[in-house]
Structure formats: C-alpha cells, structure tokens
Amino acid sequence: MEISLRNQVAIVTGASSGIGTGIAKSLASSGATVIVNHSSERSLNDAKTIVREIIDAGGKGITYQCDVSKEDQVVKMFQDVVAEFGTVDILINNAGIQKDAKFTEMTLDQWNAVIGVNLTGQFLCAREAIKEFLRRGIDPSRSVACGKIIHVSSVHEVIPWAGHANYAASKGAIRMLMQTLAQEYGADKIRVNSICPGAIQTPINTNAWNTQEAMNSLLALIPYNRIGQPQDIGNLAVFLASDASDYITGASIFIDGGMTTFESFSTGG
Ligand code: NAD
C-alpha cells in the first residue's frame with residue numbers, strides 16, 4: 001500500500017514541539033506541504049528549526065504563528081494559508097495544554113485556559129477548515145475526500161484523571177465534537193477522526209518519564225512496556241489523512257501500547 005499526500009496542504013497546530021512536530025514531519029515526508037503552527041514569538045525558533053529539517057529532508061513547509069484559542073488569529077491563519085497555497089486539505093487539531101490542580105483548588109483561569117486551547121481552539125480551527133473544504137469541493141487530483149480533520153484527543157477521553165478535571169473534560173468533549181462533525185459533514189465527503197494517544201514522550205509530561213522511578217510507574221500502566229514516541233502518532237496521522245483510510249470517519253483511534261486495556265486488572269483485578 002503506497003500512501004501519498006502529494007499536492008495536499010496540511011495545517012498542524014502546536015507543531016513546534018512534541019506530537020505536533022512528529023505529525024508535521026511525517027505528513028511532509030509523505031508529500032504534503034505543512035504549515036507548522038506555533039503559538040507565540042517564543043516558539044518561533046523551534047518552529048523554524050522544524051521547517052528547516054522538513055526542507056532538508058526534501059519536504060515543503062512554512063511556520064505560522066497563531067494562538068488557536070483566539071478567533072481572529074485562527075480566521076486569519078486560514079485566510080493567509082489559502083491565499084498562499086490555494087486551499088487546505090488536512091487539519092491536524094493538535095495544540096493542547098495542561099494546567100493541573102486538585103479540583104477544589106482549580107481556578108477559573110486554569111479551567112478556561114485549558115478549555116480555550118484544547119476545545120475552543122479545536123472548534124475554531126475545525127470550523128474554518130470545513131468552510132474551506134466546502135468552498136473548494138472535491139478535487140480528485142488531491143484526494144477522494146473533500147477534506148480531512150484529525151483531532152488529537154487522548155486516552156483521557158475515556159479514562160477519568162484525578163487532578164486534571166479541566167484536561168479530561170476537554171478531551172471527553174472532543175469526542176462529541178469529532179463525532180458530530182463526522183455525522184454533519186459525512187455526506188460532503190469530509191472525514192473527521194480522533195487520535196487518542198496514551199503516554200507519548202514529549203515536554204507536556206516530562207515528570208512522567210524523566211526519572212527511572214517515574215518511568216517504572218508509567219510502564220506499569222502500559223502492557224506493551226514502552227513509552228510512545230511522536231513518530232508513532234505521525235505514522236497514524238499519515239494513514240488517517242490519506243485515501244488509504246477513506247472509509248474511516250467518526251472514529252476515536254487509541255494508540256497507547258494497550259493502556260486502555262487497564263493493565264492494573266492483568267492479575268485478575
Ligand atoms: P507539547 O507541550 O510538546 O505540545 C503542545 C503544543 O501545543 C506546543 O507546541 C505548544 O506551543 C502548542 N500550543 C499550546 N497552546 C497553544 C495555542 N494557544 N495555540 C497554538 N499552539 C499552542 O505536548 P504534546 O504531548 O506534543 O501534546 C500535543 C497534543 O497531544 C495535546 O493536545 C495533548 O493533549 C495531546 N496528548 C499528549 C499526550 C502525551 O503523552 N504527550 C497524550 C495524550 C494526548
């Protein structure tokens with residue numbers, strides 16, 4: 001099975017680190033032109049490095065600064081990308097943050113910040129993407145689908161997470177956002193799916209793997225007995241963005257080394 005994303009334009013939000021970087025590089029190596037979105041001036045250098053690595057490897061990409069929780073910035077990002085590249089074919093809704101707190105101590109700012117990026121950001125980007133997909137229509141020289149949206153959710157769309165109520169609530173909501181969009185726009189041949197990673201080695205969860213003790217407790221939750229890498233997620237994103245997965249829509253795909261089999265029950269519960 002040969003997978004190609006040639007002639008297609010992909011926006012990857014929060015691509016200046018971690019999973020977003022892995023996805024951006026994987027899409028670029030499959031032929032897509034990749035917009036490496038980063039949120040602020042501080043992440044510009046990281047985004048530039050990633051674009052340089054994409055280009056050095058023979059791919060195509062640019063950096064684009066946009067805070068996905070801000071409506072005006074998201075609208076402008078889609079307008080600018082369409083003006084420069086003609087359209088958008090693939091949206092990877094990846095940007096996400098954590099602001100952890102015991103529930104009774106969680107501030108409204110912590111709640112709003114996480115919902116703002118993880119959920120409202122995914123809503124705003126999906127809305128602009130779908131408007132552009134519908135404007136362009138199906139172009140068989142690009143894809144048999146009119147457009148593809150991949151939400152980066154989490155195993156925490158089904159596993160409750162004490163001390164992270166804002167994060168878990170945002171990921172649970174992404175499931176219904178994703179399925180509703182898949183239902184609403186299926187007839188338009190727009191495919192919408194979620195990737196639900198388990199533990200992937202990135203800056204968001206450094207405390208979970210940066211000491212041997214932390215790594216051992218983490219591995220106790222993962223039957224496959226290794227932490228995931230951004231490349232693992234990149235491989236799945238390429239498949240879901242490609243015509244090879246054309247009959248998949250409205251699905252949450254867990255990529256977690258078996259974490260959602262609930263390892264703690266392996267000895268009988
Ligand atoms: P990360 O911290 O390395 O990456 C998050 C990215 O989002 C960063 O590049 C950050 O700059 C960007 N970002 C934050 N706020 C933004 C905003 N307002 N606008 C645009 N970009 C913004 O962490 P990661 O692990 O790569 O996380 C990526 C996604 O994967 C998140 O949605 C996260 O919830 C999800 N996820 C991660 C794991 C894991 O184990 N690492 C597991 C499940 C789900």
Side-chain angles (χ1 to χ4, degrees), residues 11-26 35-51 63-74 76-78 91-100 112-126 128 150-159 161 164 166-175 177-178 194-210 214-215 218-219 221-222 226-234 236-237 252-257 259-260:
I11 293 180
V12 184
T13 67
S16 58
S17 77
I19 289 174
T21 298
I23 293 177
K25 288 184 174 176
S26 299
I35 314 315
V36 174
N37 161 247
H38 63 103
S39 57
S40 67
E41 214 42 49
R42 262 181 299 128
S43 42
L44 176 61
N45 279 340
D46 289 340
K48 278 185 174 166
T49 303
I50 289 145
V51 168
T63 64
Y64 195 100
Q65 185 177 327
C66 162
D67 176 340
V68 297
S69 67
K70 303 280 183 332
E71 184 172 30
D72 55 339
Q73 295 187 29
V74 171
K76 187 165 183 330
M77 173 167 71
F78 277 82
L91 166 65
I92 311 288
N93 249 338
N94 166 75
I97 56 171
Q98 282 181 223
K99 301 266 180 207
D100 309 332
N112 283 339
V114 170
I115 298 297
V117 176
N118 297 16
L119 184 58
T120 307
Q122 296 217 7
F123 151 67
L124 290 170
C125 291
E128 296 311 302
I150 298 167
H151 297 276
V152 178
S153 177
S154 167
V155 289
H156 295 295
E157 81 168 40
V158 294
I159 302 180
W161 203 13
H164 307 72
N166 46 2
Y167 184 86
S170 74
K171 297 301 187 181
I174 285 170
R175 183 184 182 90
L177 174 65
M178 176 277 291
S194 288
I195 291 177
C196 302
I200 310 299
Q201 196 162 19
T202 74
I204 209 172
N205 57 4
T206 309
N207 293 342
W209 49 262
N210 67 350
M215 183 64 101
L218 181 65
L219 292 179
L221 302 173
I222 306 171
R226 77 165 169 86
I227 190 166
Q229 297 301 324
Q231 177 75 59
D232 293 310
I233 309 299
L236 177 56
S252 285
I253 300 189
F254 289 81
I255 172 162
D256 63 0
M259 187 182 265
T260 38

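Numbering of ligands and ligand atoms starts at 1, following listing order. Computation of the quantities below employed the complete heavy-atom set of this structure, encompassing side-chain atoms and omitting hydrogens, waters and symmetry-equivalent molecules.
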Checklist entry - Are Q231 and S26 side-chain neighbours, meaning at least one heavy-atom pair lies under 4.5 Å? => result yes

Item to check | Minimum side-chain heavy-atom gap D67-K70 below 4.5 Å | outcome: yes

Checklist entry - Does some side-chain heavy atom of E41 sit less than 4.5 Å from a side-chain heavy atom of Q65? => result yes

Checklist entry - Going by the order shown, which atoms of ligand 1 are within less than 4.0 Å of some heavy atom of P197? => result 42 (C), 43 (C), 44 (C)

Item to check | Proximal candidate to atom 27 (O) of ligand 1 [heavy atom criterion; set T120, I255, T21, I204] | outcome: I204

Item to check | atom 11 (O) of ligand 1 - nearest protein heavy atom and its distance | outcome: S39 OG, 3.7 Å

Next on the checklist: Is there a side-chain contact between P230 and T202 in this structure, where contact means two heavy atoms from C-beta onward sitting under 4.5 Å apart?
Outcome noted: yes

Next on the checklist: Under 3.5 Å between any N/O of K171 and any N/O of ligand 1: does that happen in this structure?
Outcome noted: yes

Next on the checklist: Between N37 and T13, is the side chain to side chain contact (heavy atoms under 4.5 Å, CB included) condition met? List the steps.
Outcome noted: CA-CA 5 Å; N37 161 247; T13 67; 3.5 Å; yes

Next on the checklist: Under 4.0 Å and counting heavy atoms only, is there anything from the protein next to atom 6 (C) of ligand 1?
Outcome noted: yes

Checklist entry - Which protein heavy atom lies closest to atom 44 (C) of ligand 1, and at what distance to 0.1 Å? => result S153 O, 3.1 Å

Item to check | ligand 1 atoms in contact with C66 (distance to a heavy atom under 4.0 Å) | outcome: 19 (N), 20 (C)

Checklist entry - Less than 3.5 Å between some nitrogen or oxygen of S17 and one of ligand 1, yes or no? => result yes

Item to check | Enumerated ligand 1 atoms positioned under 4.0 Å from heavy atoms of G14 | outcome: 6 (C), 7 (O), 9 (O), 12 (C), 21 (N)

Checklist entry - Does even one non-hydrogen atom of Q201 get within less than 4.0 Å of ligand 1? => result no

Item to check | Whether S16 lies under 4.0 Å from ligand 1, heavy atom | outcome: yes

Next on the checklist: Is the shortest side-chain heavy-atom distance between P197 and V152 below 4.5 Å?
Outcome noted: yes

Checklist entry - Looking only at heavy atoms of G116, does any of them come nearer than 4.0 Å to an atom of ligand 1? => result no

Checklist entry - Which residue holds the protein heavy atom closest to atom 13 (N) of ligand 1, what is that atom called, and what is the gap in Å? => result A95 CB, 4.0 Å

Checklist entry - Which bit of I19 gets closer than 4.0 Å to ligand 1, counting heavy atoms only: side chain, backbone, both or neither? => result both

Checklist entry - Looking only at heavy atoms of P203, does any of them come nearer than 4.0 Å to an atom of ligand 1? => result yes

Checklist entry - What residue and heavy atom of the protein are closest to atom 32 (O) of ligand 1, and at what distance? => result N94 O, 2.8 Å

Checklist entry - So which protein heavy atom does atom 14 (C) of ligand 1 come closest to, and at what separation? => result I97 CG2, 3.5 Å

Item to check | Evaluation steps, side chain to side chain contact (heavy atoms under 4.5 Å, CB included), between Y64 and V36 | outcome: CA-CA 6 Å; Y64 195 100; V36 174; over 6 Å; no

Checklist entry - Between W161 and Y167, what is the ring plane arrangement, given parallel below 30°, perpendicular above 60°, and tilted in between? => result perpendicular

Checklist entry - Can you find a heavy atom in the side chain of N93 that is under 4.5 Å from one in the side chain of I150? => result no

Item to check | Per-atom contacts, ligand 1 versus G96 - under 4.0 Å to a heavy atom | outcome: 5 (C), 7 (O), 31 (C), 32 (O)

Checklist outcome for this item: Per-atom filter on ligand 1: closer than 4.0 angstrom to a heavy atom of D67 are 17 (C), 18 (N), 19 (N)

Checklist entry - Just wondering, do F123 and V74 contact through their side chains at under 4.5 Å, heavy atoms? => result no

Checklist entry - Do V68 and ligand 1 have an N or O pair less than 3.5 Å apart? => result yes

Next on the checklist: Any nitrogen or oxygen of I200 lying under 3.5 Å from a nitrogen or oxygen in ligand 1? Just yes or no.
Outcome noted: yes

Next on the checklist: For a 4.5 angstrom cut-off between non-hydrogen side-chain atoms, does V114 reach Q98?
Outcome noted: no

Checklist entry - Just distances here: any N/O of S43 and N/O of ligand 1 closer than 3.5 Å? => result no

Checklist entry - Going by distance only, is there an N or O of T202 that falls short of 3.5 Å from an N or O of ligand 1? => result yes

Item to check | Donor-acceptor contact below 3.5 Å, side chain T120 vs main chain V117 | outcome: no

Checklist entry - What do the steps show when you test S252 against E157 for side-chain hydrogen bond (donor to acceptor under 3.5 Å, both in side chains), and what is the final call? => result CA-CA 9 Å; S252 285; E157 81 168 40; 2.6 Å; yes

Item to check | Derivation of the side-chain hydrogen bond (donor to acceptor under 3.5 Å, both in side chains) call for D46 and S16 | outcome: CA-CA 6 Å; D46 289 340; S16 58; 5.4 Å; no

Checklist entry - Is the closest N or O pair between N118 and ligand 1 shorter than 3.5 Å? => result no

Checklist outcome for this item: Of I200, T260, D232, the one forming a side chain to side chain contact (heavy atoms under 4.5 Å, CB included) with I255 is D232

Item to check | Atoms of ligand 1, numbered as shown, that sit under 4.0 Å from any heavy atom of V117 | outcome: 15 (N), 16 (C), 18 (N)

Item to check | Atoms of ligand 1, numbered as shown, that sit under 4.0 Å from any heavy atom of G198 | outcome: 38 (C), 39 (C), 40 (O), 42 (C), 43 (C)

Item to check | Distance (rounded to the nearest 0.5 Å) between I11 CD1 and N94 CG | outcome: 13.0 Å

Checklist outcome for this item: Numbered in order shown, the ligand 1 atoms found under 4.0 Å of a heavy atom of Y167 are 33 (C), 34 (O), 35 (C), 36 (N), 43 (C), 44 (C)

